[in-house]
There are 2 protein chains.
Amino acid sequence: MRHMLALKYVDAVARAGSIRAAAEVLAITPSALNRRILAIEEELDIEIFERHALGVRLNSAGELFIHHIRAQMADLERVRSQIADLSGVRIGHVRIATTKEIGGRLLPRLIQSYRADFPGVTFSLHAYDRGQVEQQLQNLEADIVVMFQPLRLADMQVISHQQQHLSVALAADHPLAAHAELRLVDFLEHHPLLPPRGEGIREIVEAACVKKGLNCKPAIESDDMALLRHLARQGAGLALDLPLTISASPTEADLVYRPFKANEIEPGFLFVGQLYKRTLPVAARKFADRLREMFELETNALSGVAAN
Amino acid sequence: MRHMLALKYVDAVARAGSIRAAAEVLAITPSALNRRILAIEEELDIEIFERHALGVRLNSAGELFIHHIRAQMADLERVRSQIADLSGVRIGHVRIATTKEIGGRLLPRLIQSYRADFPGVTFSLHAYDRGQVEQQLQNLEADIVVMFQPLRLADMQVISHQQQHLSVALAADHPLAAHAELRLVDFLEHHPLLPPRGEGIREIVEAACVKKGLNCKPAIESDDMALLRHLARQGAGLALDLPLTISASPTEADLVYRPFKANEIEPGFLFVGQLYKRTLPVAARKFADRLREMFELETNALSGVAAN
DNA sequence: CTTGGGTGTGTCCTTTTTTGCAACACATAT
DNA sequence: ATATGTGTTGCAAAAAAGGACACACCCAAG
């Protein structure tokens with residue numbers, strides 16, 4: 001991409017926060033970079049950066065402009081993938097941002113299945129906290145987000161959504177495993193293993209506790225869901241997770257899932273989305289289609305069970 | 001715009017149909033232009049043009065790419081206008097494409113009123129035939145279209161639409177002016193003045209004639225609606241036009257409008273639209289808002305009349 | 001079939017633009 | 001005050017783009 005190289009420079013400076021730092025990243029001298037920034041500003045007759053003693057910060061005009069730049073770059077990728085697709089080969093890169101509850105289980109299988117059909121498509125998969133996930137989408141650094149308990153849904157377009165009732169994950173030989181469903185008080189009194197405040201699962205539990213006047217004090221708190229599940233498997237306590245149908249893994253036969261008693265805890269909201277009005281690259285779009293199909297299938301299966 | 005100059009070159013070549021012709025337009029030598037085109041193709045690793053003995057034609061990949069380029073350019077204009085708008089001054093350029101029935105009467109007043117509020121906004125206003133209007137929109141060479149009897153509505157997003165019953169325009173002292181409404185046969189037998197086939201008004205009349213088994217032979221045929229109205233004013237025959245409420249002009253007191261008898265002729269479809277999913281520059285968007293408001297006002301007024 | 005005018009493209013050389021290096025002016029934090 | 005960071009600016013070198021011309025090619029008319 002030799003053209004719109006100027007735009008890349010602006011983007012790099014905006015990210016780095018200073019011209020010198022960006023120059024290092026771009027492997028050119030600060031003076032050259034500075035002159036290009038000045039040239040662009042003069043050319044557009046618009047000031048983009050606020051010069052500060054400790055670097056540069058985007059102007060309000062610059063905010064609009066950088067958004068345009070990133071949209072342009074993402075759109076070029078989309079065009080490239082479309083062109084590749086019309087020659088028969090599906091190629092491209094799908095960037096997925098998720099919250100921590102999602103990552104390890106649902107997506108890998110789906111990605112593997114997709115890559116079996118289209119080996120030319122590569123994936124990047126990153127977990128952030130809820131606010132950052134939405135920001136990734138808006139900065140066009142992610143094509144698709146899969147998140148639990150979205151915060152604002154601003155500028156997001158829903159691909160698929162589903163209510164999710166939290167289940168308790170506990171060791172198969174745990175005394176409480178004998179019960180078909182658990183009460184919230186039992187969960188809280190048997191060493192609850194919870195993610196930190198701010199994460200979707202934790203907030204749902206907190207809300208339920210407030211509603212019932214209970215005190216939520218996790219025995220172990222970690223932002224690593226896999227770690228919490230592992231502890232649960234060892235009998236260290238009770239973890240929480242999205243329902244079995246979504247996140248079951250054959251390697252965890254010693255871990256069982258039990259629902260809460262009805263209405264004791266509010267269901268959560270599992271959300272798959274993209275940026276509003278954005279046209280995704282073909283690979284991302286097709287993958288999003290599969291994701292949606294999978295959720296629809298599961299929803300139908302669940303409603304079928306409910307009907308019985 | 002020094003950056004994305006390469007893209008402008010590609011666009012110019014695509015328009016001109018040959019590198020040499022485009023080079024002339026761009027005021028550079030063909031060899032230089034050729035090298036840039038080759039460089040871009042190599043850089044993208046995509047062939048964009050089919051080399052032909054009598055010039056170049058866009059590849060199917062090139063079709064996608066040129067679309068991307070034009071979208072980029074239009075989007076940059078949008079960003080510029082947004083930035084100008086946040087500094088308080090509304091500035092920009094609104095490009096309107098219409099069919100010939102529209103041009104001379106409805107829009108000038110609205111544009112004048114808009115420019116009275118925002119003198120920094122300039123307008124360009126061009127009339128095409130129906131197919132070309134839609135193409136102007138798709139090529140991003142027009143921001144807003146106002147057209148009568150749209151053909152395909154492909155990739156178009158409706159801003160406003162309205163049914164329009166055709167009226168006969170005739171001299172105030174014409175014998176038929178005594179009638180409150182006219183019959184189709186009377187119209188056809190008193191020197192009909194019509195636009196050529198392919199235009200919306202003509203096609204409506206033709207359809208009505210086929211339905212009634214009548215023969216439509218215009219006394220005078222012209223693609224200049226103002227000319228036809230002028231002839232009608234002189235008593236040369238009967239012209240057709242959109243209803244009085246839309247196109248009346250105080251300078252034409254000697255021209256009166258009479259509707260057809262009910263159900264003798266199908267109503268037409270007046271359409272105001274933009275490109276699907278496109279975000280317009282602020283000036284264009286605000287003008288489109290006014291256009292829509294004006295139509296809504298008129299629709300309400302008409303329904304009020306009908307209710308009486 | 002030949003010819004003429006059109007095309008895209010390669011090569012040499014000139015001109016313009018961009019870059020790297022070093023120095024400067026300035027603001028902030030220690 | 002000093003030290004360290006910032007953006008910015010000459011000046012010379014390097015790189016890229018442009019112009020002029022020639023070549024090979026194809027198509028249509030003569």
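Note that these values count all heavy atoms, side chains included, but never hydrogens, waters or copies made by symmetry.
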### Task
Under 4.0 Å from any heavy atom of chain B: name the first and the last nucleotide of DNA chain D that qualifies, 5' to 3'.
D/dA17 to D/dC27
### Query
Where do A/Asp143 and A/Leu137 come nearest, in terms of heavy atoms and distance?
O-CD1, 3.9 Å
#### Entry: Carboxylate-amine/guanidinium contact A/Arg36 A/Glu43, below 4.0 Å
no
### Message
Could you check whether A/Glu221 pairs with A/Arg202 (Lys NZ or Arg NE/NH1/NH2 to Asp/Glu carboxylate O, under 4.0 Å)?
### Response
yes
### Query
Please walk me through it: do B/Arg35 and B/Glu42 pass salt bridge (Lys or Arg N to Asp or Glu O under 4.0 Å)?
CA-CA 10 Å; B/Arg35 266 182 307 226; B/Glu42 184 179 10; over 6 Å; no
### Task
Please work out if B/Tyr9 contacts a base, only the sugar-phosphate, or nothing of the nucleic acid, heavy-atom cut-off 4.0 Å.
sugar-phosphate
### Task
To the nearest 10°, let me know how far the axis at one end of the helix from C/dC1-D/dG30 to C/dT30-D/dA1 is tilted from the axis at the other, five pairs an end.
30°
### Pairing of B/Arg51 and B/Glu41 as salt bridge, 4.0 angstrom limit
yes
### Task
Measure from the side-chain N and O atoms of A/Asn139 to the backbone N and O of A/Glu141, and report whether any donor-acceptor pair falls under 3.5 Å.
no
### First of A/Ala53 and A/Ser31 reached from the 5' end of DNA chain D, by closest nucleotide
A/Ala53
### Summary
Rounded to whole Å, CG of B/Leu54 lies from C1' of C/dG5 at a distance of 12 Å
### A/Lys8/A/Asp11 ion pair, N-O < 4.0 Å
no
### Task
Would you check if there is a donor-acceptor pair between the side chains of B/Gln72 and B/His68 at a distance under 3.5 Å?
yes
### Query
Nearest-Å distance, CD (A/Glu42) to P (C/dT18)?
12 Å
### Query
Using a heavy-atom distance cut-off of less than 4.0 Å, which residues of residues 32-41 of chain B contact DNA chain D?
B/Ala32, B/Arg35, B/Arg36
### Residue list, side chain to side chain donor-acceptor pair (under 3.5 Å) with A/Thr122, at least two apart or on another chain
A/His93
### Query
Which of residues 16-28 of chain A have a heavy atom under 4.0 Å from DNA chain D?
A/Ser18, A/Ile19, A/Arg20
### Message
Check whether A/Tyr114 reaches the backbone of A/Ala283 with its side chain - one donor and one acceptor, N or O, closer than 3.5 Å.
### Response
yes
### Query
Is a side-chain N or O of B/Arg95 found less than 3.5 angstrom from the main chain of B/Leu140, in a donor-acceptor match?
yes
## Note on the structure
B/Pro119 meets the side-chain contact (heavy atoms from CB on, under 4.5 Å) criterion, sequence neighbours left out, with none
### Query
Going by an N to O cut-off under 4.0 Å, is there a salt bridge joining B/Glu199 and B/Arg130?
no
